[in-house]
Amino acid sequence: MLAGTVYGVILNDRDECARLAEAFAVPPYKAPPEAPVVYIKPRNCFARSGAEVFIGDEDVEVAATFGLLIGRDAVRTAAADALGHVAGVCLAIDVTLPHESYYRPAIPLRCRDGFLPLGDFATFAPSILTTEIVTAVDGKSVHRWAPARLVRDAATLIADLSAFMTLAAGDVLLIGLPYDAPRVRAGQSVTVTAGLLPALTAQFNAGDAR
């Protein structure tokens, strides 16, 4: 489905960082993060639009975002040049079991089979990053957010990440997650739309969520 690695970032939502400001000032954090907090969604997470995602009997968060397809390697890239490394864009649903702490990696909660439905890629244009992302559950709109909420916009995020790691051609970068993402349970369907991008759908059902 994808040749490269899918990277995501947490704590890139300005509203979430404001909500957690007091928590970041005390142990175990002691200070807010200074660099992007990055994680990987491994290949077992990948699912196509329309896929069935098995979640057992637990509610899950469905955070809709943009996935940027890196077209050429980004290494110590300036923000002014960063979007020139992007070849495509898609919608993504980063699925996770709800959790409060960010002190330890939430790998068992975030990296289960099918926990990253991805839409079809479209040619990238910077204007798409101003588009509102809408999530509907069972046909009813339940959540909206726009990249204007990001602490680091897409260009700054690519630049800051490429300062300490290579974003290679074929990688996908999820630009950030809304802290107030809706939750769904088994038996519900999700549709994500944003402008003229191909819509992304997923059906969440009971079953083995490992």
Can you spot which of Val184, Val60, Leu109 makes a side-chain contact (heavy atoms from CB on, under 4.5 Å) with Val95? Val60

Ala181 to Val62 - nearest heavy-atom pair and separation: CB-O, 3.7 Å

With heavy-atom distances below 4.5 Å as the criterion, would you say the side chains of Val190 and Val192 are in contact? yes

Output all residues satisfying salt bridge (charged side-chain N to carboxylate O under 4.0 Å, His left out) with Arg144, sequence neighbours left out; order by chain, then residue number. Glu132

For Asn205, give me all partners under side chain to side chain contact (heavy atoms under 4.5 Å, CB included), at least two apart in sequence or on another chain. Glu52, Phe54, Gln203

Results of side chain to side chain contact (heavy atoms under 4.5 Å, CB included) for Ala122 - residues two or more places apart only: Leu197, Pro198

Do Thr77 side-chain atoms and Ala159 backbone N/O form a donor-acceptor pair below 3.5 Å? no

Heavy-atom check, side chain of Val89 versus side chain of Phe121, under 4.5 Å: no

Do you know the tightest heavy-atom contact between Ala199 and Ser49? O-OG, 3.7 Å

Treating Ile, Leu, Val, Met, Phe, Trp and Tyr as nodes and any side-chain heavy-atom pair under 4.5 angstrom as an edge, say whether Val151 and Leu83 lie in one connected cluster. no

Interatomic spacing from CG in Leu91 to OG1 in Thr65 - rounded to 0.5 Å: 9.0 Å

Between Pro36 and Val9, which heavy-atom pair has the shortest distance, and what is it? CB-CG1, 4.3 Å

Taking Cys45 as the fixed residue, which of Leu116, Asp113, Leu118 is the one that meets the side-chain contact (heavy atoms from CB on, under 4.5 Å) rule? Leu116

Do you know which two heavy atoms are closest between Pro117 and Val53, and how far apart they sit? CG-CG2, 4.1 Å

For Gly195, does its backbone N or O pair with a side-chain atom of Thr131 as donor and acceptor, under 3.5 Å? no

Where at least one partner belongs to residues 78-93, residue pairs that pass salt bridge (Lys or Arg N to Asp or Glu O under 4.0 Å), sequence neighbours excluded: none

Just jot down the side chain to side chain contact (heavy atoms under 4.5 Å, CB included) partners of Ala186, sequence neighbours excluded, or say none. Ile55, Ala206

Arg185 side chain to Phe204 backbone, donor-acceptor under 3.5 Å: no

What closest approach, in Å, do Leu2 and Arg43 show between heavy atoms, and which atom pair accounts for it? O-NH1, 2.6 Å

Of all residues at least two apart in sequence or in a different chain, which pass the salt bridge (charged side-chain N to carboxylate O under 4.0 Å, His left out) check with Asp171? none

Do Tyr39 and Leu11 belong together in a cluster built from hydrophobic side chains that touch within less than 4.5 Å? yes

N/O donor-acceptor pair under 3.5 Å between Asp15 side chain and Arg149 backbone: no

Hydrophobic cluster membership, Phe66 vs Val134, 4.5 Å side-chain cutoff: no

Straight-line distance of Leu167 CG to His85 NE2, nearest 0.5 Å: 9.5 Å

Do Phe46 and Leu177 sit in the same hydrophobic cluster, where Ile, Leu, Val, Met, Phe, Trp and Tyr count as joined when their side-chain heavy atoms come under 4.5 Å apart? yes

Do side-chain atoms of Thr191 reach the backbone of Thr201 as a donor and acceptor pair under 3.5 angstrom? no

Report the C-alpha distance between Tyr7 and Leu161 in whole Å, list the side-chain angles of each, state the deciding distance to 0.1 Å, and finish with yes or no for side-chain contact (heavy atoms from CB on, under 4.5 Å). CA-CA 10 Å; Tyr7 298 100; Leu161 287 172; 5.7 Å; no

Going by the rule salt bridge (charged side-chain N to carboxylate O under 4.0 Å, His left out), which residues pair with Asp59 if we only count those two or more places apart in sequence or in a different chain? none

Salt bridge (Lys or Arg N to Asp or Glu O under 4.0 Å) contacts in which one or both residues fall within residues 117-130, not counting sequence neighbours: none

Can you list everything that forms a salt bridge (charged side-chain N to carboxylate O under 4.0 Å, His left out) with Asp94? Sequence neighbours excluded, please. Lys41, Arg110

Between Arg183 and Glu58, is the salt bridge (Lys or Arg N to Asp or Glu O under 4.0 Å) condition met? List the steps. CA-CA 10 Å; Arg183 298 184 182 185; Glu58 300 173 285; over 6 Å; no

With Leu150, which residues qualify under side chain to side chain contact (heavy atoms under 4.5 Å, CB included), at least two apart? Asn12, Trp145, Pro147, Ile175

Contacts satisfying salt bridge (Lys or Arg N to Asp or Glu O under 4.0 Å) that involve residues 152-162 (not counting sequence neighbours) are Arg152-Asp160

Separation between NE2 (His143) and CD1 (Ile133), nearest 0.5 Å, reads 9.5 Å

Report yes if some heavy atom in the side chain of Leu129 is under 4.5 Å from a heavy atom in the side chain of Phe124; otherwise report no. yes

Side-chain polar contacts of residues 67-76 - donor-acceptor pairs under 3.5 angstrom, sequence neighbours left out - could you list them?
residue : atom : partner : partner atom : Å
Asp73   : OD1  : Ala169  : N            : 2.8

Report yes or no: does Glu16 contribute a side-chain atom to a donor-acceptor pair with the main-chain N or O of Asp13 at less than 3.5 Å? no

Does Leu173 share a hydrophobic cluster with Phe164, counting links as ILVMFWY side-chain heavy atoms below 4.5 Å and allowing steps through other members? yes

CA sep, side-chain torsions, deciding dist, call: Leu97, Phe115, side-chain contact (heavy atoms from CB on, under 4.5 Å): CA-CA 10 Å; Leu97 274 81; Phe115 269 30; 3.7 Å; yes

